[in-house]
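Comments concern the structure below.
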Protein chains: 2
Amino acid sequence: MTTDVPRRRADARRNEEALLDAAAAAFVAVGVEAPVRDIAVRAGVGVGTVYRHFPTRADLVVAVYRHQVEACVEAGPTCRAETASPYDALVRWIDGFVDFLVTKHGLAGALHGDGSRFEALHAYFLERLVPVCDELLSAAAAAGEVRDDLSGYELMRGVGGLCAGAEDDERYDARRLVAVLLAGLRAGSPGSPRR
Amino acid sequence: MTTDVPRRRADARRNEEALLDAAAAAFVAVGVEAPVRDIAVRAGVGVGTVYRHFPTRADLVVAVYRHQVEACVEAGPTCRAETASPYDALVRWIDGFVDFLVTKHGLAGALHGDGSRFEALHAYFLERLVPVCDELLSAAAAAGEVRDDLSGYELMRGVGGLCAGAEDDERYDARRLVAVLLAGLRAGSPGSPRR
DNA sequence: TTGCTAGGCGGAACAAGGTTCCGTATCGTC
DNA sequence: GACGATACGGAACCTTGTTCCGCCTAGCAA
């Protein structure tokens, strides 16, 4: 038995699981802004327990979305491999990212927002996703398919901004705006026709 | 004496003035998220007084920025008149709008955010600015200079999204992203070269 | 100048959200 | 079965927006 991680108590593991489930459910129902108390109640647990498992509200959010973020990370190389042009790969990847943002009620807003409240979440997203985006973006730039004066960070932040608060507003189609942005990306490339 | 507005008491007028000044100062110093209590203190006034003059925090924000918004409204026709192509007029107007958003600490975020907290502000912006944007946009679309499947509302919301939280982040240049978006707008127009 | 009163003022109090703390309960081992 | 480490619950605290109400005073009339 080389489990050098000091095995946690059964109830602790059980509660963490319950919390993740409850939080996921709450986020779907109410959005990422769901109050900690509500999540605790859903999980049949006290608030103190929430904070033992997740130092901060944002950490809980990160935990809930972590595997989805990882999926997004892995989608990068996949898009790259399965698509002929680097630009199309980028578009496809961004599309998946938008899916993620728009699907999750209020995620983009939370990510974007004032920044202070979801710092941990924001930091995690950046850390994982920006390199992927950078990769796709510079490949497309190298191929002369898009302008090269934009960083992956900027692009992601822009897309995030366009998606923030997009759910529950039928007058606004975030996906269409993102498409326009991506078109603009291409438009500015050295080789693209101007005027 | 045909002042049919029932003249308000001197102290009331004085306080409203003080509040507007204090709020403006607070917004510059701390951002639009400045707490009502702080603003009240700055103005040397009780919170109750704040709420008598401005039913809601957001109404205070609106009042502070009202004349700047109006300037933006008036800039619409001006840009239209002083610019040869409708597209350039649009670009120029949006540029002014971005100025406004980026200059004011956190305004874009407040406007954009979840929408619930700054409803009055949001509503006011929409009411005043969307028609102007619609005008410029449809003129450009009519001239075949930009795609015509986007509403002024969508464009403004998009621009707002791109600008949210742009101050205090030197890795992100909102203005550049907006430029990309506008380029994308043009790229998608019927007459524009594709491929 | 003095009095009166409607309109205005201050700030305590309430609601809602995140976070902390600590007495108590439980798990897992001896 | 006993005991110590671990985890739990939820009351309590902080911050923010908002409401409420008793007190005050500007402005008018006598």
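Below, chain A is the first sequence line, B the second, and so on; all start at residue 1.
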Would you mind reading off the distance between [X] atom [atom1] and [N] atom [atom2], rounded to a whole angstrom?
{"X": "A/Arg13", "N": "D/dA7", "atom1": "CZ", "atom2": "C1'", "answer": "13 Å"}
{"X": "A/Asp11", "N": "C/dT26", "atom1": "CG", "atom2": "C1'", "answer": "6 Å"}
{"X": "A/Tyr51", "N": "D/dA11", "atom1": "OH", "atom2": "C1'", "answer": "15 Å"}
{"X": "A/Phe54", "N": "D/dC8", "atom1": "CZ", "atom2": "P", "answer": "11 Å"}
{"X": "A/Asn15", "N": "D/dT6", "atom1": "CG", "atom2": "P", "answer": "17 Å"}
{"X": "A/Arg14", "N": "C/dT26", "atom1": "CZ", "atom2": "P", "answer": "11 Å"}
{"X": "A/Glu33", "N": "C/dG17", "atom1": "CD", "atom2": "P", "answer": "10 Å"}

query = Which of these nucleotides, C/dT20, D/dG9, C/dG8, is closest to any side-chain atom of B/Arg8?
reply =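 Looking only at side-chain atoms, B/Arg8 lies closest to C/dG8.
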query = When you measure from the side chain of B/Val36, which nucleotide among C/dC9, D/dG17, D/dG10 comes out closest?
reply =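 The answer is D/dG17, which lies nearest to the side chain.
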ask   = If we ignore angles and hydrogens, is there a donor and acceptor under 3.5 Å between the side chains of A/Arg128 and A/Tyr124?
value =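 No, no side-chain donor-acceptor contact under 3.5 Å.
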Ionic contact status for A/Arg176 with B/Glu154, cut-off 4.0 Å =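 Looking at A/Arg176 together with B/Glu154, the answer is yes, because their closest N to O distance falls below 4.0 Å.
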ask   = So, for B/Phe125 and B/Phe100, is the gap between ring centers shorter than 6.0 Å?
value =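 Distance test on ring centres: under 6.0 Å, yes.
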key: Test item: A/Asp59 side-chain N/O and A/Thr56 main-chain N/O as donor-acceptor pair under 3.5 Å   =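 Confirmed, A/Asp59 side chain pairs with A/Thr56 backbone.
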First of A/Gly44 and B/Arg52 reached from the 5' end of DNA chain D, by closest nucleotide =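 Closest to the 5' end, via its nearest nucleotide, is A/Gly44.
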query = Is B/Trp93 reachable from B/Val73 through a run of hydrophobic residues whose side-chain heavy atoms are each under 4.5 Å from the next?
reply =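 The answer is yes; both residues are in one hydrophobic cluster.
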When you measure only distances, ignoring hydrogens and angles, does the side chain of [X] come within 3.5 Å of the base of [N] through a donor and an acceptor?
{"X": "B/Arg9", "N": "C/dG7", "result": "yes"}
{"X": "B/Arg37", "N": "D/dG17", "result": "yes"}
{"X": "A/Arg57", "N": "C/dG17", "result": "no"}

key: DNA chain C: 5'-proximal contact among B/His53 and A/Asp38 (nearest heavy atom)   =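 Its nearest nucleotide lies further toward 5', so the answer is B/His53.
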query = Is the phosphate of D/dG9, meaning OP1 or OP2, less than 4.0 Å from a side-chain N or O of A/Thr49?
reply =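 Indeed, a polar side-chain atom of A/Thr49 lies that close.
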